[in-house]
Amino acid sequence: MTTARETTAGVTAATAGPTSRQETRPAAAAKPVRWAADAATALREGARLRLDYTAQSLWRVDRVIDGIRREGAPYAAVETVLRGLGAYAGEVIVRQAGGEWWATGGDHWVRTPDGRLWDPIDEARRCFTGDGSLRLLCRDATADG
């Protein structure tokens, strides 16, 4: 069953044969890995907050997004930051669960070994609206499905 945090979009890319999978992985991972690294660097340099790609670090990321929301920042002003923080959460899932990044039509998902697809970038957007949690997304994605 697909939950609100999972997505079925991109299933064609995710279920393609082994050759497509090998070709898709590097291209699909390049952008979100860079976005995640940029977000981690920005928080380290700007807020003196170290992110270590552990599930526990997502507590801090959720609090950062909550703080941005409470400041009343317009979405357009923080869209890139949210994308980076969502990509960071996705990279945590990739590292913790052995998942892979998948991309289709400009959107990026994480596919966990059990075949489920997760949308951490959209989850960061939901966090900004007060209706999401990257920490809980990671918990759900890394739990045995």
Side-chain angles (χ1 to χ4, degrees), residues 1-16 20-21 24-145:
M1 173 179 221
T2 302
T3 68
R5 294 181 186 177
E6 295 176 60
T7 181
T8 56
V11 171
T12 303
T15 57
S20 296
R21 183 173 160 191
T24 303
R25 170 60 181 154
K31 286 182 181 180
V33 168
R34 185 180 71 241
W35 297 332
D38 289 348
T41 299
L43 286 177
R44 183 179 65 243
E45 293 174 357
R48 299 184 198 269
L49 182 64
R50 287 207 172 273
L51 299 179
D52 58 4
Y53 292 93
T54 62
Q56 294 80 12
S57 69
L58 294 175
W59 281 90
R60 286 172 269 175
V61 174
D62 277 346
R63 285 196 307 264
V64 165
I65 295 172
D66 186 53
I68 293 169
R69 181 182 70 251
R70 281 185 282 132
E71 290 173 3
Y75 176 76
V78 297
E79 183 175 7
T80 301
V81 171
L82 294 173
R83 181 187 68 192
L85 295 174
Y88 172 81
E91 192 59 18
V92 170
I93 295 168
V94 165
R95 294 178 185 197
Q96 298 291 315
E100 293 184 280
W101 281 103
W102 291 91
T104 251
D107 293 326
H108 294 80
W109 301 276
V110 172
R111 180 176 183 225
T112 49
D114 60 10
R116 293 181 294 169
L117 292 172
W118 304 87
D119 191 344
I121 295 171
D122 192 54
E123 188 70 12
R125 293 180 191 120
R126 282 195 292 277
C127 289
F128 182 69
T129 66
D131 190 36
S133 170
L134 294 172
R135 175 186 60 84
L136 295 177
L137 176 78
C138 181
R139 183 199 65 192
D140 292 349
T142 57
D144 292 332

Donor-acceptor contact below 3.5 Å, side chain Q96 vs main chain T54 | no
Taken to the nearest 0.5 Å, the spacing of I65 CD1 from E123 CD works out to 9.0 Å
Does any N or O in the side chain of R125 come within less than 3.5 Å of the main-chain N or O of G132, such that one atom is a donor and the other an acceptor?
-> no
In terms of heavy-atom contacts, P113 and G98 come closest through CG-O, 3.6 Å
Between L51 and A40 the two heavy atoms that sit nearest each other are CD1-CA, 4.1 Å
All heavy atoms of A103 vs all of H108, minimum pair found to be CB-CD2, 3.7 Å
So CG of D107 and CG of D122: to nearest 0.5 Å the spacing works out to 9.0 Å
Of all heavy-atom pairs linking V92 and A55, the shortest is CG1-N, 3.8 Å
Scanning both residues in full, the closest heavy-atom pair of R135 with L58 reads CA-CB, 3.8 Å
Interatomic distance, CG@D38 vs CZ@R83, rounded to 0.5 Å, equals 8.5 Å
- Query: W35 versus T80: any side-chain heavy-atom pair under 4.5 Å?
  - Reply: no
One should read off an interatomic distance between L137 CG and R126 CZ, to the nearest 0.5 angstrom, of 8.0 Å
Residue pairs meeting ring-ring contact (aromatic ring centres under 6.0 Å, His included), one or both in residues 42-76, sequence neighbours left out, come to Y53-Y88
Rounded to the nearest 0.5 angstrom, the CZ-SG distance for R69 and C127 is 8.5 Å
Can a side-chain donor-acceptor contact be found between T112 and D114 if the only test is distance below 3.5 angstrom? yes
What one should report as the nearest heavy-atom pair of P120 and G86 is CB-O, 3.2 Å
Between the CG atom in D62 and the OG atom in S133, the distance rounded to the nearest 0.5 Å is 3.5 Å
No-hydrogen, no-angle side-chain donor-acceptor test under 3.5 Å, W101 and E91: yes
